[in-house]
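First comes the structure, then the notes that go with it.
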There are 2 protein chains.
Amino acid sequence: MARPTIADIAERAGVSKGAVSFALNGRPGVSEETRRRILAVADEMNWRPHRAARSLGNSRAGAVGLILSRPARTLGLEPFFGQVVSGLQAGLAEDGTALQLLVVEDPEAEMAAYRNWTAEKRVDGFVLLDPLIDDPRFPALEALDVPVMVLGGPLPDTSLSYSWADDSEAMHEAVDYLAALGHRHVVHVAGMPQFLHTKRRMDVLTEAKARHELAEVVSIPTDYSDSEGAVITRRVLSRRERPTAIVYDSDVMAVAGLGVALEMGVRVPQDLSILSFDDSLLARLTHPALTALTRDTQGWATEAARELLRLIADPSLTVRHPSSTPVLVPRESTAPPAGH
Amino acid sequence: MARPTIADIAERAGVSKGAVSFALNGRPGVSEETRRRILAVADEMNWRPHRAARSLGNSRAGAVGLILSRPARTLGLEPFFGQVVSGLQAGLAEDGTALQLLVVEDPEAEMAAYRNWTAEKRVDGFVLLDPLIDDPRFPALEALDVPVMVLGGPLPDTSLSYSWADDSEAMHEAVDYLAALGHRHVVHVAGMPQFLHTKRRMDVLTEAKARHELAEVVSIPTDYSDSEGAVITRRVLSRRERPTAIVYDSDVMAVAGLGVALEMGVRVPQDLSILSFDDSLLARLTHPALTALTRDTQGWATEAARELLRLIADPSLTVRHPSSTPVLVPRESTAPPAGH
DNA sequence: GGCCCGAACTTAACCGCTTTATCAATTCAA
DNA sequence: TTGAATTGATAAAGCGGTTAAGTTCGGGCC
């Protein structure tokens, strides 16, 4: 038989379409007995609501969008994205909401997608990744007046909701640890400087310099690529006065850096300590395994998804959701500097 | 102003809703001049079609589903998924079609999702990953009578469409290469034996044994995890008669295996050659970098997505799409065996 | 001039579900 | 006992498009 509709159910149960709709959505207007009967019929006929019809009726798309403007290949490279996607998806699935993914080449296309998807009522809200300093997406999305959950923060000067892990705190932990081991020359191979969390980490570092009386602390921005990670590492390890520890903003760069150290005959951790600000299988598979700041990215994304659903249900809300701070997991790549 | 509808455009342009619809969809029924006028008005009013309304009208969901039943964390670990997702997305985007992603815990949930999404007309078709031997999903999906594109194959006994890369050919290339280098004892750390491509690779290996007069060729199935990869490697390297080469079905296992070799003082490639059947950043970042069979997963997925769109447009089609065979990329992890 | 035809539009039904207005039958307060 | 409020249900109007079935009209043909 063709797909059954509520009209079929109504006929079979001997009631009106309206009654069926009320019954199926658990709202008042039908007696308990009728409701049960309708539900039974619907079940028997194997009925499922037609997505588009429902959306058209109640003006809910039943989907949220995630638009990424990194080059497409990054998706496969950085474990982070997979974690985020599956985490979001898990949170949304609890509600039957779908995740719509789009990978675009540049920020303009990203903005256009926000506008289009909103105008098309294709999604009920968006998840934003990698908040920037003075992020142009924020005012644009505020203007669109659509529920948005940013993964990252805290964000100054915006009415958008966000879910944030305390990167500063984590960076503090990392630097404190290295300082405690006795390191005085630390290089930070950072991510892209326009990212808010990059800036935050850099700030912590410069501040830590004074606090711990470190001799040298430099943050060097990169594009997160393994090649830049390698290049920078090669450069700093070629200097007369080498750092005794390097903190990498991503595990991909950390692994690339480790490779350079090996290639240059710099022993890890005896001559050089390596700490990755991002954990994943990658960091665990290397030899030595990398000390890293680890966090439950997937869980974070799941929580954020739930918050976004709340936001969609009640757009007057503004969510500032704190998620757990990354935790330092010491492995084999960190040790006191030589002669300490 | 509130979201404009075609009724608004119709009024403003002084025509009927129908004419507007014809004009916007580029179908006959309006003169070129009227069309231009309508388009201009639509553009001026910043009109975008309402997704749900359009779906309801033309009974196209405008989305395809990808349902994965691997544990959610795998998504972040295996670069493969990210590649596939972004590749599919790229192919679908050309058409404005969305990708709906679902990660479930078990095959039952996967099957249920196929049924539900089809019944809800939530998607117009599905992409299937990792075809199994006697895959129960195939008959179920055939019964649902919904367009499906399988990534993998060739598939015997099914009317479903598929896009396949010649794994056997690739495996041949790999074994021929190792044999040419002089290896006679080869171990294959395989993937899950129920996967069709695993079986295919294993078959090639046993066949190659005779052809190249190899002394030893074993395929050992695993669950693709780094830990199993490490365990198996440790086991075979602990034997009196060690293999001189190991072929891994995934880069994650290969890297784990490399770690074990280092840990046991087995030099790569002098004492042991390592070849990965999967390429990614991972394989390139290690030291030595891993010789691997590489392929354009993303491009493959993009092509598959296009084929699926064709299939949706014309469900009478059956697509058997050959994609490019993986190519061997020699790096530093393979060499002739000692004493050769 | 009458007839037929295709082009250019309009009308209105329809897709499947939600929701509002309406109504009949009860129940309840006075 | 009567009028008002409540309950359980119906009919019908959307939601924003698509599309089948008309309607007009100008022009070619005999």
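Letters A, B, ... mirror the listed sequences (proteins, then strands); counts begin at 1.
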Any side-chain heavy-atom pair of B:L68 and B:L102 under 4.5 Å: no

Nearest nucleotide by nearest heavy atom, which residue falls closer to the 5' end of DNA chain C, B:A19 or B:N58? B:A19

Which residue, A:L24 or B:G14, contacts DNA chain C at a nucleotide closer to its 5' end, judged by nearest heavy atom? B:G14

Just to verify, which of B:L129, B:D130, B:D135 counts as forming a side-chain contact (heavy atoms from CB on, under 4.5 Å) with B:F195? B:D130

Parallel, tilted or perpendicular: which describes the rings of B:W117 and B:F126, with under 30° parallel and over 60° perpendicular? parallel

Between [X] and [N], does any side-chain N or O lie under 4.0 Å from OP1 or OP2?
X	N	result
B:R27	D:dT19	yes
A:S31	D:dA9	yes
A:R51	C:dC17	no
B:R54	D:dT18	yes
A:W47	C:dC17	yes
B:T34	C:dC9	yes
B:S21	D:dG17	no
A:R3	C:dC17	yes
B:S16	C:dT10	yes

Answer yes or no: is there an ion pair linking A:R310 with A:E307, defined by an N-O contact shorter than 4.0 Å? yes

Counting any heavy atom closer than 4.0 Å, what does [X] reach on the DNA or RNA strands: base, sugar-phosphate only, or nothing?
X	result
B:V20	nothing
B:R48	sugar-phosphate
A:P49	sugar-phosphate

Side-chain donor-acceptor contact under 3.5 Å, [X] with [Y]:
X	Y	value
B:E110	B:S69	yes
B:S323	B:E303	no
B:S163	B:W300	yes

Sugar-phosphate atoms are those with a prime plus P, OP1 and OP2; base atoms are the rest. Using that split, label each nucleotide of nucleotides 20-28 of chain C B, S or - for protein heavy atoms under 4.0 Å, 5' to 3'. B--------

For atom [atom1] of [X] and atom [atom2] of [N], their distance in whole Å:
X	N	atom1	atom2	result
B:R37	C:dA8	CZ	P	13 Å
A:D8	C:dC17	CG	C1'	13 Å
B:I38	C:dT10	CD1	C1'	12 Å
B:R60	D:dG16	CZ	C1'	19 Å
B:K121	C:dG16	NZ	C1'	11 Å
A:E33	D:dA9	CD	C1'	14 Å
B:L56	C:dT18	CG	P	12 Å
A:I9	C:dT18	CD1	C1'	14 Å

Ignoring hydrogens and angles, are the base of C:dG16 and the side chain of A:K17 linked by a donor-acceptor pair under 3.5 Å? no

For the backbone of B:R27 and the side chain of B:N25, can you confirm whether one donor and one acceptor N or O come within less than 3.5 Å of each other? no

Looking at B:A119, is its backbone amide N or carbonyl O close enough to the side chain of A:R3 to form a donor-acceptor pair, meaning the two atoms are under 3.5 Å apart? yes

Nucleotide nearest A:N25 (side chain, heavy atoms from C-beta), chosen from D:dT18, C:dT18, C:dG16: C:dT18

